[in-house]
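The first residue of the sequence shown is numbered 1, and numbering continues consecutively from there.
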Amino acid sequence: MSENKRGSFSGGFGFVLAAAGSAVGLGNIWRFPYLAAQYGGGIFLLVYLILVVTFGFSMLIMEIAIGRKTRLSSIRAYTSFDKRFGFLGYLAAIVPIIILPYYSVIGGWVIKYMMTFLSGQGTAAAEDSYFGGFVSQTTSPILFFAIFLILTTLIVLGGVEKGIEKVSTFLMPILVLISIGVCIFVITLPGSGEGIRYYLLPDFSKFSIKTICAAMGQLFYSMSIAMGIMVSYGSYVKDNVNINRSVNQIEIFDTAIAILSGFMIVPAVYVFSGEAGLKSGGAGLMFITLPKVFDAMPLGHIIGAAFFILVLVAALTSSISIMEAITSIFMDKFKMGRTKAVLLIFVISLLLGIPSSLGHGIWSGITVLGMDFLTFFDYISNSVLMPIVALATCILIGWIVGTKVIEDEITKNGEKFPRLKVFRVMVRYIAPIFMIIILVFYTLAQFGIITY
């Protein structure tokens with residue numbers, strides 16, 4: 001078999017675990033709990049769950065079906081439907097190329113904290129100056145960034161079935177077991193009941209258009225939508241796999257991990273830091289607030305180590321899928337073998353990741369549109385390019401080609417498509433409107449015109 005021949009998953013189970021691994025990442029663990037707490041707990045969960053089974057389902061099944069039908073990566077798949085949409089493939093290809101370097105920088109931070117807790121230095125990590133002191137260094141963050149990128153590269157070099165599928169089949173059950181273990185410990189903490197109620201009970205006074213936008217934005221992070229990843233993974237799915245059933249399983253897996261993450265984090269932070277502790281999001285929640293929580297817990301150093309091992313597993317399963325999406329693109333576009341493509345991507349990502357790493361240290365004085373490098377790359381990829389890719393995909397499938405092309409691919413073996421009407425309405429009407437709202441909302445929020 002030639003090296004650039006398209007691989008495939010061994011079956012539906014391997015595909016589900018790999019796709020779920022892609023979907024389950026840092027977005028589930030550090031972003032979902034923060035947004036749920038900020039936007040009313042139960043009301044955010046309700047809105048998110050409704051969007052998962054409508055918008056998320058429609059986008060996910062559409063991208064996977066596009067991949068399987070064309071057997072191409074995103075850069076060529078859209079052109080096969082309509083040559084006028086060739087630009088869409090390039091936009092989708094740019095997203096993972098931008099994301100992988102800065103995502104790997106954050107993955108390096110996770111490795112650093114995992115090693116800190118494993119070595120029994122959790123108390124030091126709980127100090128206010130620890131995170132800032134680490135990321136402002138020059139050599140150490142780059143070293144950990146390189147380690148994370150090397151781990152990702154080695155797995156992707158193994159290919160689809162022997163690399164990605166094999167590792168995902170091993171890592172995803174571990175992720176679930178650690179999540180459940182930490183959850184059980186946290187909910188048995190004295191006073192955790194109040195935190196659980198804060199997380200689950202709806203606060204309708206906090207419902208607004210921001211709730212919908214925040215939940216919709218989270219879906220992009222959480223389900224790997226509009227990044228070219230699911231098109232690439234779809235191109236590896238065998239014809240006898242029931243796509244509808246697989247997407248249902250991915251939805252359940254991804255949403256369950258997000259909700260479990262909320263149970264891990266929100267009650268614990270509430271118990272030890274109060275409601276104010278829930279207001280720190282992203283890096284602040286993961287690397288500053290939570291180490292303080294672990295330090296105050298009984299057996300906190302063990303729970304902290306288990307938590308950061310969990311986060312590393314989640315980060316790796318996502319970075320693998322991001323690199324694989326780029327690998328698929330390079331192999332399709334430049335007719336490269338897998339090894340050459342992966343090594344080239346490694347070098348490019350290493351070079352592009354250095355500004356994101358140094359942007360909190362010696363390059364902190366350099367900004368793009370008022371943002372440090374990491375924030376800028378995150379904004380361009382997640383808040384600009386991904387909504388545009390999703391919007392253009394809906395226009396292509398919903399109005400130019402017609403949804404029947406996707407419907408036929410999903411039901412090609414006589415499978416049922418229970419949410420057919422939901423799919424048609426979402427792709428043609430509702431999703432495009434949502435994409436325009438999100439694009440405007442996040443842009444205004446990023447530049448401080450509205451508060452997010």
Report the distance from atom [atom1] of [X] to atom [atom2] of [Y], rounding to the nearest 0.5 Å.
| X | Y | atom1 | atom2 | answer |
| --- | --- | --- | --- | --- |
| Cys213 | Leu444 | SG | CG | 10.0 Å |
| Leu72 | Ile329 | CG | CD1 | 11.5 Å |
| Met59 | Thr393 | CE | OG1 | 5.5 Å |
| Thr138 | Leu143 | OG1 | CG | 12.5 Å |
| Asn244 | Ile64 | CG | CD1 | 10.5 Å |
| Lys112 | Phe287 | NZ | CZ | 12.0 Å |

Compute the centroid of each ring, for [X] and then for [Y], and state whether the two points are separated by less than 6.0 Å.
| X | Y | answer |
| --- | --- | --- |
| Phe131 | Trp109 | yes |
| Phe294 | Phe307 | yes |
| Phe87 | Phe85 | yes |
| Tyr39 | Tyr48 | no |

Give me the ring orientation class for [X] and [Y]: parallel if the planes are under 30° apart, tilted from 30 to 60°, perpendicular past 60°.
| X | Y | result |
| --- | --- | --- |
| Phe330 | Phe334 | perpendicular |
| Phe308 | Tyr113 | tilted |
| Tyr103 | Phe148 | tilted |

Side chain to side chain, [X] and [Y], heavy atoms closer than 4.5 Å:
| X | Y | result |
| --- | --- | --- |
| Val293 | Ile265 | no |
| Tyr379 | Phe447 | yes |
| Met230 | Met223 | no |
| Ile397 | Val405 | no |
| Met336 | Leu344 | yes |
| Gln218 | Leu51 | no |
| Phe434 | Leu391 | no |
| Phe377 | Val368 | no |

Which heavy atom of [X] sits nearest to which heavy atom of [Y], and what is that distance?
| X | Y | answer |
| --- | --- | --- |
| Leu260 | Cys183 | O-SG, 3.2 Å |
| Ser381 | Ile98 | CB-CG2, 4.0 Å |
| Phe117 | Gly304 | CD2-CA, 3.8 Å |
| Asp295 | Ala126 | CB-CB, 3.7 Å |
| Arg71 | Val237 | NH1-O, 2.6 Å |
| Leu352 | Pro101 | CB-CG, 3.6 Å |

Item to complete: Given ring-ring contact (aromatic ring centres under 6.0 Å, His included), test Tyr102 with Phe145 step by step and report yes or no.
Response: CA-CA 9 Å; Tyr102 80 76; Phe145 152 55; over 10 Å; no
Backbone of [Y] reached by a side-chain donor or acceptor of [X] within 3.5 Å:
| X | Y | result |
| --- | --- | --- |
| Asp372 | Thr367 | no |
| Glu63 | Gly228 | no |
| Thr54 | Ile50 | yes |
| Ser349 | Phe346 | no |
| Arg68 | Gly234 | no |
| Ser364 | Gly361 | yes |
| Thr255 | Ile252 | no |
| Ser328 | Ala325 | no |
| Lys69 | Glu409 | no |
| Ser235 | Ser232 | yes |

Fill in: side chain to side chain contact (heavy atoms under 4.5 Å, CB included) between Ile400 and Phe81, intermediate numbers included
CA-CA 9 Å; Ile400 308 297; Phe81 288 111; over 6 Å; no
Item to complete: Please determine if Glu251 and Arg419 form a salt bridge, counting it only when a charged side-chain N lies under 4.0 Å from a carboxylate O.
Response: yes
Worksheet item: Under 4.0 Å between a Lys/Arg side-chain N and an Asp/Glu carboxylate O for Glu324 and Arg338?
Response: yes
Fill in: Donor + acceptor pair across side chains of Lys333, Tyr90 (<3.5 Å)
yes
Item to complete: Any chance you could lay out the side chain to side chain contact (heavy atoms under 4.5 Å, CB included) test for Phe423 and Ser58, step after step, and finish with the verdict?
Response: CA-CA 5 Å; Phe423 172 74; Ser58 300; 4.0 Å; yes
Fill in: Qualifying residue for side chain to side chain contact (heavy atoms under 4.5 Å, CB included) with Val156, from Ile345, Ile320, Ile326
Ile320
Practice prompt. Apply side chain to side chain contact (heavy atoms under 4.5 Å, CB included) to the pair Ser321 and Met227, showing each step before the final yes or no.
Written response: CA-CA 10 Å; Ser321 70; Met227 302 166 69; over 6 Å; no
Fill in: More than 12 heavy atoms of other groups within 6.0 Å of Tyr130 OH
yes
Item to complete: Could you please spell out the steps behind the side chain to side chain contact (heavy atoms under 4.5 Å, CB included) verdict for Phe134 and Ser140?
Response: CA-CA 7 Å; Phe134 165 63; Ser140 186; 3.4 Å; yes
